[in-house]
Structure formats: C-alpha cells, structure tokens
Amino acid sequence: MLKVSFYRCDNGVLIGALSGDGVRLLETAHPATIAAAIFAMDVPEYVIDTGAGVLDAQLPASPYLLCQIKELSMDVDMQQWLKVFWRLSWVKFDDTDDPDCHAEIHFRTATHHLPIKLIRRWPVGPEPKCFRKELRKRNRSILYPLC
C-alpha cells in the first residue's frame, strides 16, 4: 500500500513523502512528482496521511478529496500542496497530447528516481532535449533519493 505523508525540511518547506510498505520511495516539495510517481507505478489506491487525518484515495483523486483538503490539512501550505496534487492527479502523464507541457518532465523525473522494479508505466519515445537540464532543476526539490 502506498502512502503519502508530510513533513517540513530544515528550512521549513513542506515535503511530500511517498512510501510503500514502510519503505521510502520519493520525497519532494513538488506535488506533481508524487502524482507522476503514483501514475508510473500504476497503483490505483493509496493513503494520504496529513497528521490531522488519514484518507483512502485513488488516482485520479476523487472530488471527495478536494472537499476534505481543508479538514485534513495542518496549515495553508499543506492545503495548497494537496490542491495542486489533486489537480495533477487527473493528468495522464504518458499522454503526449496532454495540454500540461510539464507533465512529461514530471513523469520522467518520477521514473528516474523510483526503483525500476516498481514502475509499470514508462515514458514513451526519446527524452526531450531539455530533460537533463530540467532534471537538474527539479532535483533541487527532491530530498529522497539523494541526487
């Protein structure tokens, strides 16, 4: 079972932590990378634990999650993180025609950092020319695994 939980890093930034069966998989400040990782692992159900409550969720996240964000959030930063996560959970990260121009970068970043044995959906086609530059930029918001 996948779990999304939260903590604050040393400089106070809210970090989303993705774990599976108690094993750390990915920790990042960017909700899109967590959404893309869940999409890449093709796991339809997961748990969100905010510290104020636990919610069973699925991908894409239901409107129920959007209604529960304020109640589940510890603060405004967590509300914002969860709202962005909810919106991005509807993105088909492997759809090259998706209007979100950053979706492929988030998807490739997630698959780059996840253990290979957990990935069930892979990006198609060659990586964009800008991917390595974008990956370096996005690695600044990834706390685990260390880059």
**Study point:** Selection residues 58-69 - residue pairs positive for salt bridge (charged side-chain N to carboxylate O under 4.0 Å, His left out), sequence neighbours left out
**Key:** none
Exercise for review: Search all heavy atoms of D42 against all heavy atoms of P44 and return the closest pair with its distance.
Suggested key: O-CD, 3.5 Å
Exercise for review: Measure the CD1-OG1 distance between I38 and T33 for me, rounded to the nearest 0.5 Å.
Suggested key: 11.0 Å
Practice item. Count the heavy atoms of every other residue, nucleotide or ligand shown that sit under 6.0 Å from CG of N11, and state whether that count exceeds 12. Key: yes
Check your understanding: Between F85 and I142, is there a shared hydrophobic cluster once you connect ILVMFWY residues whose side-chain heavy atoms come closer than 4.5 Å?
Key -> yes
Check your understanding: Which heavy atom of L59 sits nearest a heavy atom of S89, and at what distance?
Key -> CD1-CB, 3.4 Å
Check your understanding: Counting distance only, does the side-chain N/O of W81 pair as donor-acceptor with the main-chain N or O of A29 below 3.5 Å?
Key -> yes
Point to revise | same_hphob_cluster(V4, Y144) at 4.5 Å side-chain heavy-atom cutoff | key: no
Review point. side-chain contact (heavy atoms from CB on, under 4.5 Å) between L135 and R108: does it pass, once the steps are laid out?
Key: CA-CA 8 Å; L135 180 62; R108 287 182 183 276; over 6 Å; no
Check your understanding: Does L66 belong to the same Ile/Leu/Val/Met/Phe/Trp/Tyr cluster as Y46, with side-chain heavy atoms less than 4.5 Å apart forming each link?
Key -> yes
Exercise for review: Find out whether L72 and M78 are in side-chain contact, i.e. whether some heavy atom of one side chain is under 4.5 Å from a heavy atom of the other.
Suggested key: no
Review point. At what distance, to the nearest 0.5 angstrom, does CG of L82 lie from CZ of F6?
Key: 4.5 Å
Revision key, fill the gap. CD1 (I48) and CD1 (I34) are apart, to the nearest 0.5 Å, by 10.5 Å
Review point. Which pairs pass side-chain hydrogen bond (donor to acceptor under 3.5 Å, both in side chains) with one or both residues in residues 49-76, sequence neighbours excluded?
Key: R8-D75
Study note, to complete from the structure: The side chain to side chain donor-acceptor pair (under 3.5 Å) partners of E127 (sequence neighbours excluded) come to R132
**Study point:** L2 and L18: CA distance, side-chain angles, deciding distance, side-chain contact (heavy atoms from CB on, under 4.5 Å) verdict
**Key:** CA-CA 7 Å; L2 286 181; L18 181 66; 4.3 Å; yes
Review point. Are V13 and I15 side-chain neighbours, meaning at least one heavy-atom pair lies under 4.5 Å?
Key: yes
Review point. So, for F93 and H106, which heavy atoms are closest and what is the spacing to 0.1 Å?
Key: CE2-CB, 4.1 Å
**Study point:** Closest heavy-atom pair and its distance - E104, V124
**Key:** OE2-O, 4.3 Å
**Study point:** W86 side chain vs A61 backbone, donor-acceptor pair below 3.5 Å
**Key:** yes
Identify every side-chain donor-acceptor pair in residues 21-28 under 3.5 Å, counting partners at least two apart or on other chains, and give the distances.
unit_1	atom_1	unit_2	atom_2	d
D21	OD1	M1	N	3.1
R24	NE	E27	OE2	3.0
R24	NH2	E27	OE1	3.4
E27	OE1	Y7	OH	2.6
T28	OG1	H30	N	3.1
T28	OG1	S141	O	3.0

Practice item. Start with the C-alpha gap between H102 and R138, add the side-chain angles, then the distance that decides, and say whether side-chain contact (heavy atoms from CB on, under 4.5 Å) holds. Key: CA-CA 11 Å; H102 299 286; R138 293 185 195 293; 3.5 Å; yes
Study note, to complete from the structure: Residue set satisfying ring pair (Phe, Tyr, Trp, His ring centres under 6.0 Å) with F131, at least two apart, ordered chain then number -> none
Study note, to complete from the structure: Tracing side-chain contacts under 4.5 Å among Ile, Leu, Val, Met, Phe, Trp and Tyr outward from V76 reaches none
Point to revise | Minimum side-chain heavy-atom gap V91-F39 below 4.5 Å | key: no
